[in-house]
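Beneath this line is the structure, given in structure tokens, with notes to follow.
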Amino acid sequence: MNATVGDKAKSAAHTGGSGQIRLVDVTKSFGPTQAVRNVSLTIPHGSYCCMIGPSGCGKTTILRMVAGHETPSSGEIYIGDDMVVGKPPVARGTAMMFQSYALFPHLTILDNVGFYLKMRGVGKVERRNRAFEMLPRVQLDHLKDRMPAQLSGGQQQRVALARALITNPKVLLLDEPLSALDEFLRLQMRGELKSLQAELGITFLHVTHTQPEAIALADMVVVMDNGVIEQAGTAREIFNEPKTPYVARFMGAQNVLTGAVVSRSAETAIIKTAAGGMLEAPAAQVVATQGQAVSVSIRRDLVDVHRSGGSHGDTRNALEGTVEATEYQGNFVKITVRIEGEGQFVANISDRAYFAEPVVPGSRVTVSWKSADMHVLEKVDTGEKGSPYAE
């Protein structure tokens, strides 16, 4: 966060209280289906929180319950010190920015921005003055008299953002606000959202299914699957220290291997996979005792790939397989290797390293990594293969 504690305190006072969001044992059912299951979570005031997961994981349902557009089947939701379950959206101190923007085509930009004030009974002169004061914040004051159809997608998004912010909310709720934009605009608006949130110091709760978006924006990332929170923490914690195989694959795009502890010393633990691979992990991370199962993850960008047959050091943390595919990504090449008994293993190699020793589908290669780059997961992999979103 760029905003100081003092800035955030001023923001809390300006908006009429704390924007801390607290969910206590919240469940939401739609008929026999539980979309959200016993979720408890605290999002500190002034945080930029991204909630991420595949479609149907429950993240948008949580957003809508915080907004007041859905009612929990059980549990409590607090904004600041106020329990808001049962309160209408207008009484919660929240504002919501929808994926579709929902601009009124027959109103000018100025009147679109002031529309929520009109719904609250604010007079025409005052709401137009306040809308005019808001437009420079989103760099649209020079377009105040245009109609939505005359704006680009990025400009329309900024109108929707200004309209949401004009009520001085404690919490801004964003439902996949960047998904309809092209890549260039998405990156531009990502930066603008982060800067604006730091300037305002209010709580942003942003739902997305895009990992780079969550990592770039959030102080706090909440990873969901099947209606529960798999892990919550800083972006760096989620990316580098996943707790479960699901988070490792979905969020960090990491490789996951599972085996049993066969020996250990003060410094290292040796893990043997079912296919016979020997892994050497930092002993301090391994809670499992000899004979017990343990799963580890290795980031794709920390893996080396060499043609098989040469000498590449210790056989620990080294597996042989066949290249299935290579994908040039500009600054790196994604190499997918099929390892017998282990499945797919992916390495992201810098373009310079790859073209110094290129491999093609069908090549026999050895993938290897350093023991220090291996992370031991808190849960053992039970056969899940990760999400199709984890590219």
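All residue numbers refer to positions in the sequence shown, counting from 1.
- Across every non-hydrogen atom of Pro72 and Val26, the tightest pair is CB-CG1, 4.1 Å.
- Under 3.5 Å, the side chains of Thr208 and Glu213 contain a donor-acceptor pair of N or O atoms.
- The shortest distance between side-chain heavy atoms of Leu23 and Val39 falls below 4.5 Å.
- You'll find the side chain of Gln290 stays beyond 4.5 Å of the side chain of Arg264, heavy atoms only.
- The side-chain contact (heavy atoms from CB on, under 4.5 Å) test applied to Ala281 returns Ile271, Val286, Met374, Val376, not counting sequence neighbours.
- Applying the salt bridge (charged side-chain N to carboxylate O under 4.0 Å, His left out) test to pairs two or more places apart or on separate chains, those with a residue in residues 114-136 are Asp111-Arg128, Glu126-Arg130.
- Residue pairs meeting the salt bridge (charged side-chain N to carboxylate O under 4.0 Å, His left out) criterion with at least one member in residues 93-107, sequence neighbours excluded, do not occur.
- Atoms CE and OG, on Met220 and Ser47 in that order, are 7.0 Å from each other to the nearest 0.5 Å.
- Atom CZ of Phe132 is surrounded by 12 or fewer heavy atoms from other residues, nucleotides or ligands within 6.0 Å.
- For the side-chain contact (heavy atoms from CB on, under 4.5 Å) criterion with Cys49, the lone passing option out of Leu205, Thr203, Ile21 is Leu205.
- Around atom CD of Glu324, more than 12 heavy atoms belonging to other residues, nucleotides or ligands sit under 6.0 Å away.
- Closest approach of Ala248 and Leu377 over heavy atoms only: CB-CD2, 4.3 Å.
- Atom SG of Cys50 and atom CD1 of Ile215 lie 10.0 Å apart (nearest 0.5 Å).
- Rounding to the nearest 0.5 Å gives a distance of 8.5 Å between CZ of Arg92 and NZ of Lys87.
- With hydrogens and angles left out, the side-chain atoms of Glu230 and Thr244 include a donor and acceptor closer than 3.5 Å.
- Between the side chains of Asp301 and Asn348, no donor-acceptor pair of N or O atoms lies under 3.5 Å.
- Contact annotation: the side chain of Tyr328 approaches that of Asp351 to within less than 4.5 Å [non-hydrogen atoms, C-beta and beyond].
- The side-chain hydrogen bond (donor to acceptor under 3.5 Å, both in side chains) search around Thr322 returns Arg364, not counting sequence neighbours.
- Counting heavy atoms from C-beta on, the side chains of Arg300 and Phe332 never come closer than 4.5 Å.
- Under a hydrophobic clustering in which Ile, Leu, Val, Met, Phe, Trp and Tyr are joined whenever their side-chain heavy atoms come within less than 4.5 Å, directly or via other members, Met147 and Ile109 fall into different clusters.
- Of all the heavy atoms in Leu173 and Val66, the pair that sits closest is CD2-CG1, 4.0 Å.
- Ser295 places no side-chain N or O within 3.5 Å of a backbone atom of Thr258 that could act as its donor or acceptor partner.
- No donor-acceptor pair under 3.5 Å is formed between the side chain of Arg22 and the backbone N or O of Ile43.
- Of the possible polar contacts, none joining the Thr61 side chain to the Ala35 backbone as a donor-acceptor pair under 3.5 Å is found.
- Counting heavy atoms from C-beta outward, Trp369 and Leu302 have side chains that stay 4.5 Å or more apart.
- For the pair Asp175/Met96, a side-chain contact is recorded, criterion being any heavy-atom separation below 4.5 Å from C-beta on.
- Without hydrogens or angle criteria, Gln155 side chain to Leu140 main chain gives no donor-acceptor distance under 3.5 Å.
- Side-chain contact between Lys243 and Lys379 is absent, with no heavy atoms from C-beta onward closer than 4.5 Å.
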For Tyr78 and Thr42: C-alpha separation, side-chain torsions, deciding distance, then whether side-chain contact (heavy atoms from CB on, under 4.5 Å) applies. CA-CA 9 Å; Tyr78 294 85; Thr42 298; over 6 Å; no
Intermediate values then yes/no, side chain to side chain donor-acceptor pair (under 3.5 Å), Gln329 and Glu327: CA-CA 6 Å; Gln329 301 286 332; Glu327 296 178 11; 3.2 Å; yes
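- In this structure Phe115 satisfies the ring pair (Phe, Tyr, Trp, His ring centres under 6.0 Å) test together with Phe104, sequence neighbours excluded.
- The two residues Pro361 and Ala325 come nearest to each other via the heavy atoms CG-CA, 4.2 Å.
- Residues that satisfy the side-chain hydrogen bond (donor to acceptor under 3.5 Å, both in side chains) test with Thr273, not counting sequence neighbours, are Glu342.
- Atom CG of Leu172 sits about 8.5 Å away from atom CG of Leu196, to the nearest 0.5 Å.
- The main-chain N or O of Ile202 is found under 3.5 Å from a side-chain atom of Gln197 such that the two form a donor-acceptor pair.
- Side chains of Gln344 and Thr336: a donor-acceptor N/O pair is absent below 3.5 angstrom, by distance only.
- Residue pairs meeting the salt bridge (charged side-chain N to carboxylate O under 4.0 Å, His left out) criterion with at least one member in residues 149-164, sequence neighbours excluded, are Arg158-Glu192.
- Every side-chain hydrogen bond (donor to acceptor under 3.5 Å, both in side chains) that Thr268 has, sequence neighbours left out, goes to Ser265.
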Set out, in order, the CA-CA distance, both residues' side-chain angles and the distance that settles side chain to side chain donor-acceptor pair (under 3.5 Å) for Asp219 and Thr234, then state yes or no. CA-CA 6 Å; Asp219 316 305; Thr234 67; over 6 Å; no
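- Side-chain contact check for Asn226 and Arg37: no donor-acceptor pair (N or O, by modelled atom type) lies under 3.5 Å.
- The backbone N or O of Ile238 lies less than 3.5 Å from no partner atom in the side chain of Gln231, so there is not a single donor-acceptor pair.
- Listed here is the closest heavy atom pair of Lys194 and Leu217: NZ-O, 2.7 Å.
- Of the possible polar contacts, one joining the Asn112 side chain to the Leu107 backbone as a donor-acceptor pair under 3.5 Å is found.
- Annotation for Met119: atom CE does not count as buried by contact number, only 12 or fewer foreign heavy atoms lying within 6.0 Å.
- Once rounded to the nearest 0.5 Å, the distance linking CD of Gln20 with CG of Asp82 reads 11.5 Å.
- Every side-chain contact (heavy atoms from CB on, under 4.5 Å) that Pro136 has, sequence neighbours left out, goes to Asp141.
- Every residue two or more places apart in sequence or in another chain that forms a side-chain contact (heavy atoms from CB on, under 4.5 Å) with Thr71 is listed here: Val85.
- One finds the OG1 atom of Thr60 at 10.5 Å from the NE2 atom of His209 (value rounded to the nearest 0.5 Å).
- Panel note: side chain Ser308, backbone Val365; a donor-acceptor pair is recorded below 3.5 Å.
- The ring pair (Phe, Tyr, Trp, His ring centres under 6.0 Å) check on Tyr354 picks up nothing, with sequence neighbours excluded.
- The one candidate from Arg299, His375, Gln254 that meets the side-chain hydrogen bond (donor to acceptor under 3.5 Å, both in side chains) condition with Asn240 is Arg299.
- When side chains are defined from C-beta on, Val346 counts as touching Asn255, because their heavy atoms get closer than 4.5 Å.
- Within the structure, salt bridge (charged side-chain N to carboxylate O under 4.0 Å, His left out) contacts touching residues 57-69 (residues at least two apart or in different chains) are Arg64-Glu70.
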